[in-house]
Amino acid sequence: MDRKKNGQGKLPMWQERLRRNSAAMREEFEQMDKRTALYNGTREIEKTPDAKSSKAAALATGVRNIVAELMEAQVDSSFPMPKVTARRQEHEELAKTLEDFLRNETDRLPFEMLNDMDERITPIQGGDIFLVEWDSDRHTHETRGELCVSLLHPRQVIFQDGVNEINDMDFIIVQMGMSKKHVKEKYGVSVADETESDPQSRGGRSTAEDVVTVNFGYFRNEKGGIGRYTWVNDMELEDLEDYQARKMKRCTKCGADMTGLDRCRHCGNEKAEDYDSDEMELYEDIETRNGVIPMMTEEETYPDGGNGLMMDEFGNAYEAEPMLTERPTRIPRYKPDIYPIVIRKNVSSWGKALGDSDVDKIMDQQNMIKKCDSRIQEKLDKGGSIFTRSEKTEVSKTDEQLREVIFQGADEANLFGVHNLQVDTSQDQAIAEANYEQARRILGITDSYQGRPDRTATSGTAKQIAVAQSAGRLESKRIMKNAMYADLYAVMFRFLLAYSDEPRSVRHNNIDGSTTYSEFNKYDYLAQDAAGEWYWLDDFLFSVDNTSSLAGNRESMWQEIRMNLQTGAFGDPSDPETLIMFWEMMAGQHYPGAAEIRERLEKKRQEQLAQMQMQQMQQLPQETQMPQGAEPQGVPDMAVEDASGSAMNMML
């Protein structure tokens, strides 16, 4: 197939979009490179507009990298876990299963690595982008396809110029560096003769021989869905008007589904055509937690296919009896219809698709510190010790301890001496330190937040207040991070509804340390209204678990549980029931040996209960242990008569 010729219709349009919007973002791209250079500790000193210093003076002799220091001080290695809330009570169990499955997906996907990179890119560049895809090439023995989440640098994403909200954009272009072999395997098109057009889209500075820049154009189609156009240089790779729709095959004769078949099961036709499927026809019953979705559905039909009104031979109208016929059940296919891109902003900024960069706010302070440190180093290099002598005085240039110097007279001896050239760097050091403190105050980072000694907090309460005040300055960044992850989990759920056809195992850790397994089946989220129409339940509320950071830190959880035991929150610490509860919770947090200790305590409790029962049996009254049928000793006859009812009759 000649991709170049077939792509002439849309290719020029997308090339023009790339050129125009890349030019609009050129200044932002240059600023991104500048921020990255500052974080990496560039020696370049930015000159003032009227500076006339030499080129050599534009490089610092040493760099105190406060940009890297203050960016690293904000890194949070934890990421929030999903929290799913049902809108209706009957969907609580579905929300619980979905939440557990998304937690499992965070373990399967490299979220730790993605979060580590995200925590650095976001404050440096003002934000970054997560890309959610469905990889249909990943198979297991029981499932087909897997979710795939990757992180994009802002340098790889070109937004529509003038539009700041991603959901309002008509198109978004993503650039990725891919090997030529990978492109051939994925799209079936050879790009061996193509060259890399944008090495910076993969973080490079020079072109690579075996790599090309692949451009992915996501756009909103006329029906409100999402399409994708893919190209390399002047070569089209892919043109999908609705790429999130399921691609199916149907019979060209009767229109029946022929996906995965060589012959139509209804009419025997062997010719099929591709189409975007909005519905699917069931070929077997589907079991869900709410019951069974039948393969066949009964419906009332009339002989003429009309509304049931018939005409007799005399021209009189009458209502015919309907007939019950069965047809294959058809259910709608779920389609996300959202951009597969989720943005994390550092701090919200009006008029920007991304947020504000922390580096931009402290760029001047970093530049001033480099100037001061360079002046200090220059002064120290020019300082030192010198000695003076007369022209006649001879001094041997050796490293001997006691060297002999002969003076011709007192005047000559007076000319001999050692002088230390003292340099004053205190002012430069004060200016550098003042700029460092300015940078910290701008970002709201205190000594307590950095883990450094804070002499202003003289008590534990004062230190807590200082940390809380610092945390308040940075609270908006954490809120933006939580908001991004909530959106990310919502997009992941929509892709699961669209493409995960098979049930998938879900693992849940119980509070006692045991594990429960269940299934995530997307058809559990398929419901039927009163009119018999099928629809998907996708209106769950997504947020994040704010306690997941503490729950993910096992050592902190161990300390919390121990504190609760000591303070009596579980009950009397000496009570065996309390100890069993304590070790049960420790086992739930994977404390080494906790499960074994709990089992031993339970076994000991059972032995004690059995021993107490034996003692109670031995202490029972003697009459309860007499052989059956023996008359009790010391019991009045009246009591026996009362038991038979005779004494009562005598009293009456």
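The figures here come from the full heavy-atom set of this structure, side chains too, leaving out hydrogens, waters and symmetry mates.
Rounding to the nearest 0.5 angstrom, the gap separating the OH atom in Tyr523 from the CG atom in Leu282 is 7.5 Å. Distance check, rounded to the nearest 0.5 Å: CD1 of Ile293 to CD of Glu287 gives 11.0 Å. We find the CG-CG distance between Leu496 and Asp538 to be 12.5 Å, quoted to the nearest 0.5 Å. Atom CG in Asn521 sits 8.0 Å away from atom CD1 in Ile286 (nearest 0.5 Å). For the atom pair CE (Met280) and CH2 (Trp534), the distance works out to 12.0 Å, reported to the nearest 0.5 Å.
Taking the centre of each ring, Phe542 and Tyr485 stay at or above the 6.0 Å mark.
Ion pairing of Asp501 with Arg246 is present here, as a side-chain N (NZ or NE/NH1/NH2) and a carboxylate O approach within less than 4.0 Å. A salt bridge is defined here as a Lys NZ or Arg NE, NH1 or NH2 lying under 4.0 Å from an Asp or Glu carboxylate O, and Lys186 with Asp137 fails to meet this definition. Between Asp239 and Arg228, none of the side-chain N atoms (NZ, or NE/NH1/NH2) sits under 4.0 Å from a carboxylate O, so this pair counts as no salt bridge. A salt bridge is defined here as a Lys NZ or Arg NE, NH1 or NH2 lying under 4.0 Å from an Asp or Glu carboxylate O, and Glu119 with Lys481 meets this definition. Arg35 has a carboxylate O that lies under 4.0 Å from a charged side-chain N of Asp360, or vice versa, which qualifies the two as a salt bridge. Using a cut-off of 4.0 Å between Lys/Arg side-chain N and Asp/Glu carboxylate O, Lys477 and Asp356 are scored as not salt-bridged. A salt bridge does not link Asp545 to Lys83: none of the charged side-chain nitrogens sits closer than 4.0 Å to a carboxylate oxygen. Electrostatic pairing of Glu99 and Lys96 does not count as a salt bridge here, judged by no charged N lying under 4.0 Å from a carboxylate O.
Side-chain atoms of Trp536 come within 3.5 Å of backbone N or O of Pro332 as a donor-acceptor pair. Lys345 places no side-chain N or O within 3.5 Å of a backbone atom of Gly355 that could act as its donor or acceptor partner. Put simply, the side chain of Arg120 never gets that close to the backbone of Ala68: no donor and acceptor are under 3.5 Å apart. A donor-acceptor pair is defined here as one N or O able to donate and one able to accept, closer than 3.5 Å; no such pair exists between the side chain of Tyr218 and the backbone of Ile341. No donor-acceptor pair under 3.5 Å is formed between the side chain of Asp116 and the backbone N or O of Glu112. The closest donor-acceptor contact from the side chain of Gln528 to the backbone of Gly532 lies under 3.5 Å. No side-chain donor-acceptor contact under 3.5 Å links Asp100 to the backbone of Arg507. Ser22 places a side-chain N or O within donor-acceptor distance of the main-chain N or O of Leu18, the cut-off being under 3.5 Å. Here the side chain of Lys180 pairs a donor or acceptor atom with the backbone of Ala192 at under 3.5 angstrom. In this structure, Ser179 contributes its side chain and Val211 its backbone to no donor-acceptor pair below 3.5 Å.
For Glu238 and Thr230, the side-chain atoms include at least one donor-acceptor pair closer than 3.5 Å. Using modelled atom types and a 3.5 Å distance limit, the side chains of Thr288 and Asn290 yield no donor-acceptor pair. Counted by atom type alone, Thr97 and Arg289 present one or more donor-acceptor pairs between their side chains at under 3.5 Å. Between the side chains of Tyr334 and Arg494, at least one donor N or O lies within less than 3.5 Å of an accepting N or O. Looking at Gln125 and Asn346, their side chains never bring a donor and an acceptor atom within 3.5 Å of each other. Between the side chains of Asp358 and Gln74, at least one donor N or O lies within less than 3.5 Å of an accepting N or O.
For CD of Glu92, the number of neighbouring non-hydrogen atoms (other residues, nucleotides, ligands) closer than 6.0 Å is greater than 12. Within 6.0 Å of atom CG in Asp107, more than 12 heavy atoms from other residues, nucleotides or ligands are found, so the atom counts as buried in its surroundings. Counting heavy-atom neighbours within 6.0 Å of Met117 CE, excluding the residue itself, gives a total of 12 or less. Around the CD atom of Glu222, the shell of radius 6.0 Å holds no more than 12 heavy atoms that belong to other residues, nucleotides or ligands. Within 6.0 Å of atom CZ in Arg88, more than 12 heavy atoms from other residues, nucleotides or ligands are found, so the atom counts as buried in its surroundings. By the neighbour-count criterion of 12 heavy atoms within 6.0 Å, atom CD of Glu165 is sparsely surrounded, having that number or fewer from other residues, nucleotides or ligands.
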Evaluate ring-ring contact (aromatic ring centres under 6.0 Å, His included) for Tyr229 paired with Phe219, printing each intermediate quantity in order.
-> CA-CA 8 Å; Tyr229 187 83; Phe219 62 94; 8.0 Å; no
Before giving the answer on side chain to side chain contact (heavy atoms under 4.5 Å, CB included), spell out for Tyr339 and Arg220 the whole-Å C-alpha distance, their side-chain angles and the decisive distance to 0.1 Å.
-> CA-CA 9 Å; Tyr339 283 116; Arg220 184 77 64 179; 4.0 Å; yes
Determine, stepwise, if the pair Ile172 / Ile158 fulfils side chain to side chain contact (heavy atoms under 4.5 Å, CB included).
-> CA-CA 6 Å; Ile172 303 169; Ile158 300 172; over 6 Å; no
Start with the C-alpha gap between Gln175 and Asn215, add the side-chain angles, then the distance that decides, and say whether side chain to side chain donor-acceptor pair (under 3.5 Å) holds.
-> CA-CA 5 Å; Gln175 295 183 306; Asn215 305 288; 3.0 Å; yes
Where do Lys335 and Asp242 land on the salt bridge (Lys or Arg N to Asp or Glu O under 4.0 Å) test, with the steps shown first?
-> CA-CA 10 Å; Lys335 191 168 58 172; Asp242 194 353; 2.6 Å; yes
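For the pair Arg17 and Phe171, the cation sits on the ring face: its NZ or CZ lies under 6.0 Å from the ring centre, inside 45° of the axis.
Applying the side chain to side chain contact (heavy atoms under 4.5 Å, CB included) rule to Glu502 yields the partners Thr143, Arg144, Arg504; only residues at least two apart in sequence or on another chain are considered. With sequence neighbours excluded, the residues that form a salt bridge (Lys or Arg N to Asp or Glu O under 4.0 Å) with Asp198 are Arg155.
Of all heavy-atom pairs between Gln244 and Pro340, the closest is NE2-CD, 4.4 Å. Looking at every heavy atom in both residues, Phe540 comes nearest to Leu537 through CE1-O, 3.4 Å. Across all non-hydrogen atoms, the minimal contact from Cys148 to Asp135 is CB-CB, 4.5 Å.
The side-chain heavy atoms of Pro154 and Met32, taken from C-beta on, include a pair separated by under 4.5 Å. Met71 is listed as a side-chain neighbour of Val359, based on a closest heavy-atom distance under 4.5 Å. Between Phe79 and Asp118 the shortest side-chain heavy-atom distance does not fall below 4.5 Å.
Judged as a ring pair (Phe, Tyr, Trp, His ring centres under 6.0 Å), the pairs with a partner in residues 87-109 (not counting sequence neighbours) are, in order, Phe101-Phe520.
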